[in-house]
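Here is how names work: the chains are called A, B, and so on, in the same order as the sequence lines, proteins then strands, and each is numbered from 1. Since the structure is predicted, the reported quantities are computational estimates derived from the model, not experimental observations.
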There are 2 protein chains.
Amino acid sequence: MAQKPSIPKGTRDFSPNEVTKRQYIIATIKKHFEHFGFQPIETPSFENLDTLMGKYGEEGDRLIFKILNSGDKVKKANIQALEENNLALFSNSLSEKALRYDLTVPFARYVVQHQNEIDFPFRRYQIQPVWRADNPQKGRFREFYQCDADVVGSKSLWQEVELIQLYDAVFTDLKVEGVTIKVNNRKILSGIAEVIGAKDKLIDFTVALDKLDKIGEDGVKKEMLAKGISEQALEKVQPLFAFSGTFSEKITQLSALLESSEEGRKGVEELRFICDAIDKIGLQSAVLNLDVTLARGLNYYTGAIFEVAAPETVKLGSIGGGGRYDDLTGIFGLKNVGGVGISFGLDRIYLVLEELNAFPETVSSTSKVLFLNYGDDEILYVLPALKKLREAGIKSELYPDKAKMDKQYKYADKKGIQYVVIAGETEKNNNIFILKNLVTGDQKQLTTAQLISELS
Amino acid sequence: MAQKPSIPKGTRDFSPNEVTKRQYIIATIKKHFEHFGFQPIETPSFENLDTLMGKYGEEGDRLIFKILNSGDKVKKANIQALEENNLALFSNSLSEKALRYDLTVPFARYVVQHQNEIDFPFRRYQIQPVWRADNPQKGRFREFYQCDADVVGSKSLWQEVELIQLYDAVFTDLKVEGVTIKVNNRKILSGIAEVIGAKDKLIDFTVALDKLDKIGEDGVKKEMLAKGISEQALEKVQPLFAFSGTFSEKITQLSALLESSEEGRKGVEELRFICDAIDKIGLQSAVLNLDVTLARGLNYYTGAIFEVAAPETVKLGSIGGGGRYDDLTGIFGLKNVGGVGISFGLDRIYLVLEELNAFPETVSSTSKVLFLNYGDDEILYVLPALKKLREAGIKSELYPDKAKMDKQYKYADKKGIQYVVIAGETEKNNNIFILKNLVTGDQKQLTTAQLISELS
């Protein structure tokens, strides 16, 4: 007896029900990406190792899944490196390719490689899996999808405005109402650091500030002091902890704080542009607000920083994020291609929809109707009707075997199929069908045309 | 200056245009899979190495992409195996996971692992990429999609009938008319081998017969003789080369030839069942015919064998295939789960559609309309209209920068955007929009509602 098979840790099988729900979310995101003029690209699952290595920091490098060279190439194994316990070097001697770690680096590679075919500004979206050799834990997997939309080749702030509208459109459509789109700006963070005389401690400062939610005001201050930020500086920064009100009100408070910093003023101006535009056009269900503690991948972003928080009733944290960056493609030798982009967290959004019970009932992988099997002659009778139902877009299946009716009904019941069509000898002779609703128990005698209109 | 980046050989970047066309084919296949009651599953991109190894023969084992163990695990490298030039053993000491090689073995693993959650007969489809370390050549890639639909847990021949209808529905919908669905049956091939007294040479016999298209009648006979099949046997098999006419006519000829073989008669009976059913219900655009030379993965199939040939005007060979198998899950310890399935060859189908110019014009990743940028005030004026267009499902984009009109028009032109909306100060003040068709040059003054109805 063979062992019961399993799958690698951190990976998942998706059942029909799960795939259908995931496809619903993906299709919704994709639809809005396209309505906003984004175009899809796809890149290979694995890239050349040197395309990926060194792009995600030391930690990232370690989490990249490498593909073992095949055939004779493994002879190139650097045994000396293994003996010297230089495992990175040993691994690299065995591998030339690696699985995609995110969609951003492959996108940067794509833009450089295809720069002559691309018309800028280039609005691209990409929905594909990525792989990370992370330690699996609740909600963190070794294979997961990313859903990214970016515009590269334009510095216009209208894009920030449009991306906020895009978030609003997607979450409204998904019936996830009341998400908060938090906005910040790298220039604001730099400006604050400048104003408090801690420009050289920008990273320490923002890392600490980012923890406000978790460790509170006192905790943040303690950490800042520990990092060598002065008491005096902390006093200046005090208003940050008291910010409140609408986006617009917070900008006013921030503006006073940052008056003396040129970069800070520029940040305020950018935020105000976005705030005014959204005020004028409105959002459907999302709330936009300023969060000065928001930093995310600070080293990466140069302007706007976005993060979307799930509705407050759902304790799930961030379900999306993004921002503006100045130099996407520099690592591949093409300078000055900046852009701005956002990402949707598919797995988290799935959990939010589950929790809110927001998946529409129509999102089902199950057939709408099962044609019961009364024997070969009867099947020949039902097949033309079955064909017409399918042509009308009604998911329909035929019970393949001439099993006991009991068994056939049980199959429909277990699979959650709502209707069965009864077509035995009598129905065949009278050229009709009986449609039975398994939920209500109702039965109706119908023609093919009536079947279609009843089930549509 | 960094080197211009590239991707691993045998892999592909897909441009917006290509992704959109591929998505169109996939969406069409998926739609019909679902209309026929198939449900989607997804399995991880990589499986445990021992799930895959030994399932595809020696050649297959070599073509499986292995994933290098990460971190400290590479210390387990079997250096002795390397020194002894046992590269397979060395590789296996460095890897515990491997990329999916096809969708069938992961499906078998899935069925066994989830057998208690599955209601049989289980109609599943799966559309995911697979990876093979094959030598890349024209039309053969190291990463490509498979689109499979299978029913497991039922022996009913109605499924063969439905799968033929499914092929017909998909290719008709894709406007690929006149495909030939070739059918054969493993029992026919066994029967012929039995009748000619070469039962022990079944494989040699079918491998030779399979080459009829390429090497002709004489070539096949020569090969059979070389493999030790007697002159006498070849005489008996002579009618095979003269088979002609419709499916039904060929069955009659075959029936005479196989009269003395029980297995052969069973094969004829099965073919006749399928032929009669399809005769009665009809096909929309495909042609069904018997091809006694069709063998495919003979060792695998136990009943029906299918292959779809592209329309004769397109020289592209097989664009799909499948068949019936008795024991899918035995390798994982669950006996007697047979089934029948078919597969669609996405890359080949793509080429067929290109050649036939059969992609609908609506299959485009490009926005339908570009709103020109006349400045911030004008943009605030157009944004509500832009939002309404998007809500109406019209792909619409805004030129983000206030660039020269010349440049904006050029962008629309290069990207193949058919319409632009002109909304400068005058239009803003008059609360109208000018819609310009860049193909015809026509211009119209419209309200938002009229814009929507014009572009829908």
Non-hydrogen atoms of chain A under 4.5 Å away: do they reach the side chain of [X], the backbone, both or neither?
X: I118(B); result: neither
X: R109(B); result: both
X: K415(B); result: both
X: Q159(B); result: side chain
X: Q284(B); result: side chain
X: F141(B); result: neither
X: E162(B); result: side chain
X: I67(B); result: both
X: E143(B); result: side chain
X: E47(B); result: both
X: S70(B); result: side chain
X: I79(B); result: side chain
X: H114(B); result: side chain
X: K75(B); result: both

Any idea which heavy atoms bring [X] and [Y] closest together, and the distance?
X: Y110(A); Y: F14(B); result: OH-O, 4.0 Å
X: I7(B); Y: N48(A); result: C-ND2, 3.8 Å
X: V74(B); Y: L82(A); result: O-CD1, 4.1 Å
X: K30(A); Y: Q23(B); result: NZ-OE1, 2.9 Å
X: P40(B); Y: T20(A); result: CG-OG1, 3.7 Å
X: Y411(B); Y: D119(A); result: CE1-O, 3.9 Å

Under 4.5 Å heavy-atom distance to chain B, tell me which part of [X] shows up: side chain, backbone, both or neither.
X: S365(A); result: both
X: I41(A); result: both
X: K97(A); result: side chain
X: Y399(A); result: side chain
X: F371(A); result: neither

Between [options], which has the largest tally of heavy atom pairs under 4.5 Å with chain B?
options: F65(A), W131(A), F46(A); value: F46(A)
options: G393(A), A133(A), A392(A), S367(A); value: G393(A)
options: H32(A), R62(A), R124(A), R123(A); value: R123(A)
options: K368(A), Q115(A), K410(A), H35(A); value: H35(A)

Do you know which of [options] has the most heavy-atom pairs with chain A at a distance under 4.5 angstrom?
options: D276(B), N85(B), L389(B); result: N85(B)
options: A77(B), P121(B), S95(B); result: P121(B)
options: G71(B), P384(B), S6(B); result: S6(B)
options: A169(B), S45(B), P129(B), A403(B); result: S45(B)
options: T51(B), L99(B), V151(B); result: L99(B)
options: L383(B), D376(B), T43(B), L157(B); result: D376(B)

Rounded at 0.5 Å granularity, tell me how far [atom1] in [X] sits from [atom2] in [Y].
X: E34(B); Y: I394(A); atom1: CD; atom2: CD1; value: 14.5 Å
X: S15(A); Y: Q39(B); atom1: OG; atom2: CD; value: 9.0 Å
X: Y145(A); Y: E42(B); atom1: OH; atom2: CD; value: 5.0 Å
X: R390(A); Y: L166(B); atom1: CZ; atom2: CG; value: 8.0 Å
X: E391(A); Y: T172(B); atom1: CD; atom2: OG1; value: 9.0 Å
X: S156(A); Y: I379(B); atom1: OG; atom2: CD1; value: 6.0 Å

query = Do F38(B) and P16(A) come within less than 4.5 Å of each other through their side chains, counting heavy atoms only?
reply = no
query = Are any of the side-chain heavy atoms of W158(B) and L380(A) separated by less than 4.5 Å?
reply = yes
key: Candidate pair Q165(B) and L386(A), rule side chain to side chain contact (heavy atoms under 4.5 Å, CB included), full reasoning   = CA-CA 11 Å; Q165(B) 287 188 293; L386(A) 186 57; 5.7 Å; no
inquiry  = Run the side chain to side chain contact (heavy atoms under 4.5 Å, CB included) test on F90(A) and L94(B) for me, step by step, so that the C-alpha distance in whole Å, both residues' side-chain angles and the decisive distance to 0.1 Å come before the verdict.
reply    = CA-CA 11 Å; F90(A) 177 59; L94(B) 291 164; 4.0 Å; yes
task = Let me see the working for K387(B) and I281(A) under side chain to side chain contact (heavy atoms under 4.5 Å, CB included), right down to the final yes or no.
result = CA-CA 9 Å; K387(B) 188 169 165 234; I281(A) 49 183; 5.9 Å; no
Heavy atoms from other residues, nucleotides or ligands near NZ of K31(B) exceed 12 (cutoff 6.0 Å) = yes
